[in-house]
Each structure stands twice: as structure tokens, then as C-alpha cells.
Protein chains: 2
Amino acid sequence: MDSDVDYDVFGAACPSRPVLEDVTGRWGSLAMGALADGPMRFNELRRRVEGVSQKMLAQSLQALERDGLVNRQVQSTFPLKVEYSLTPTGEVLAAKLLDLIGYLTGSMPSILDAQQSYDQAHAKT
Amino acid sequence: MDSDVDYDVFGAACPSRPVLEDVTGRWGSLAMGALADGPMRFNELRRRVEGVSQKMLAQSLQALERDGLVNRQVQSTFPLKVEYSLTPTGEVLAAKLLDLIGYLTGSMPSILDAQQSYDQAHAKT
DNA sequence: CTGAATCCACCCAGATACTG
DNA sequence: CAGTATCTGGGTGGATTCAG
């Protein structure tokens, strides 16, 4: 019904590339993963995603909102209250992301072993 | 049998974080995805992952090799021949990555719409 | 062919301070 | 509370050159 198999991330100019970076990027991926637990306010996210700065979190969330993966709902009360949540598409992507992350963290023991072996084999001096 | 649920990517100092960046990073993710089609030589990968530089590809592959996700097999003939392939763990991660990428590219039409709406609503002047 | 090494420009990301 | 604005240092990534 629709034109299948159109967008190819391997293509240099494919518009899907920047979106992929928004989703899998350093902070974007963690923000998506955090929001999979349910809607959250800005500072909640900030606390959940340890180490992220105000600037980078705001920036990542804006990119995801622009991609239609995250919703931003403002309550114009005082103090200001802003809630972030995943859109339907965002939820699917977040689930796949968490699946990947889950497998990765589960593999950490063997990964750490591999790193140690590698570092030992490539030790300088 | 093993200590479950130990590593948490949301923790600032968790060793899983850099690994996640290796896997989902700009070039790492595409390299993994490309290798899911089967073993490949350096320049084959370079052609497949359009836009990647020698330096970044070599760097990304090294990181993935160190993490035990990619195998590097050298044939000391002349000219040199080096073949990259996924390890068992790497294959699982690559599959999950391609699953995510597939859904994302399939959602591109709606994502592009969202971007356009967003840009229009936030137009300057 | 497959990288490593060097140089360098640019952008990103952190810190800080300020606004709504 | 939820951002924006500005400044700045350091890291990233590209081009080029050299080596195994």
C-alpha cells in the first residue's frame, strides 16, 4: 500500500540518519528509556539520567519532540510544570531501545572480560 | 546463578554507558548493522557506511572489537586482508539494532511530517 | 590494502548567570 | 520550575601523509 523500503540509513544523505542519532545518541537514548516508565517532569528526568546537564537534556528533548517521538505538555501554573511523555511511535522505539540496553547490560560481565583481555594484549611498554 | 540486574545505564559511572555509546554511536551502529549481512573487509565497510572516514571507521571498529562484539581476522598476505565479523553477542545486538532501525525508517513518513509541523510552528520572524 | 600518526578547525558540551 | 543566553576549553572528526 505504501512505498516500502525507501529510507536507507546507510545512505549518506538519508533523512533517517539524524533521527537515528537523536534516538540512539548519548542522552537521547537515556531520556527515551527513562520516559518508558511513564510521563516525567523535566527535573525528574534530570535526576533519573545521571550526569546530564540542563542544557543537553533540554536539547535532546527538543530534538525528540521535533521528531514526533516525545510529547511536551505545559501547565502554565506557577511554578511552571512541564511533563514529557512518549508518543505512540516513541513508545515502540523506546521499547526496542530498552530491549537492546537490557541485553547489553546482561552481557556486561563477558564484555568487561573482553575489554580486559584486549587491554592486556595491547598494553604499552 | 548469576547476580542479576546489576548494571544500570542510568547510573553516571556505570561501565555499560561507554559500551552503549560504542554500539549506538554515529558510526558504530551503522558498522554493526552492516556486519549483520555477513563478514566484510575494511574497505567494503567503508563503502557500505557512506560518509564515514577511514579514521572514524577504524576507531569505531576498534572500540567494538575491544568490547568483544566484533572479530578482526587478519590475513598476512600482500596486500593485507582484514575481515571483520560479529561475535555471537555482537550478532544479537546487531539484530536488535536493525530491528530498531527498521521501525524507525518505516516511521520516517510520519516523522518527517512531525518535523515539518514543528519547524512551521517554531518559525522565526 | 589496512591502518597509524599528525595537524587543525570546528562544534559540542559544561559552567555560570539570567529570564518567565 | 523550566528553560535560555553567553562564554570558553577540550574533544571530535576530517584531510593528509606515512607505514606494515
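None of these values were measured; they are calculated from a predicted model. Residue numbers start from 1 in every chain, and the chains themselves are labelled A, B, ... in the order their sequence lines are given, proteins ahead of strands.
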OP1 or OP2 of [N] less than 4.0 angstrom from a side-chain nitrogen or oxygen of [X], does that happen here?
| X | N | result |
| --- | --- | --- |
| A/Gln62 | D/dT4 | yes |
| B/Arg41 | C/dT2 | yes |
| A/Tyr84 | D/dC1 | no |

Residues that B/Gln54 engages under side chain to side chain contact (heavy atoms under 4.5 Å, CB included), provided they are two or more places apart
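Scan of B/Gln54 (side chain to side chain contact (heavy atoms under 4.5 Å, CB included), adjacent residues dropped) gives B/Phe42, B/Arg46.
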Can you identify which nucleotide, out of D/dA2, C/dG3, D/dG13, has its nearest atom closest to the A/Arg72 side chain?
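Among D/dA2, C/dG3, D/dG13, the one nearest the side chain of A/Arg72 is D/dA2.
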Please report, rounded to the nearest Å, how far the C1' atom of D/dG13 is from the CD atom of A/Glu21.
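Going from CD in A/Glu21 over to C1' in D/dG13 covers 13 Å.
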Between [X] and [Y] (side chain of the first, backbone of the second, donor and acceptor by atom type, cut-off under 3.5 Å), is there such a pair?
| X | Y | result |
| --- | --- | --- |
| A/Glu44 | A/Arg41 | yes |
| A/Glu50 | B/Gly11 | no |
| B/Thr77 | B/Leu80 | no |
| A/Arg17 | A/Phe10 | yes |

Does a side chain donor of either A/Asn71 or A/Glu65 reach within less than 3.5 Å of an acceptor in the other side chain?
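No donor-acceptor contact under 3.5 Å links the two side chains.
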Distances under 3.5 Å between protein N/O atoms and the N/O atoms of nucleotides 14-20 of chain D, please, pair by pair.
residue : atom : partner : partner atom : Å
D/dG14  : OP2  : B/Ser53 : OG           : 3.0
D/dG14  : O6   : B/Lys55 : NZ           : 2.5

Applying a 4.0 Å non-hydrogen cut-off, can you work out what B/Arg46 is touching in the nucleic acid: base, sugar-phosphate, or nothing?
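No contact.
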Angle between the two end axes of the helix from C/dC1-D/dG20 to C/dG20-D/dC1, five base pairs per end, rounded to 10 degrees?
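Axis-to-axis angle, ends of the helix: 50°.
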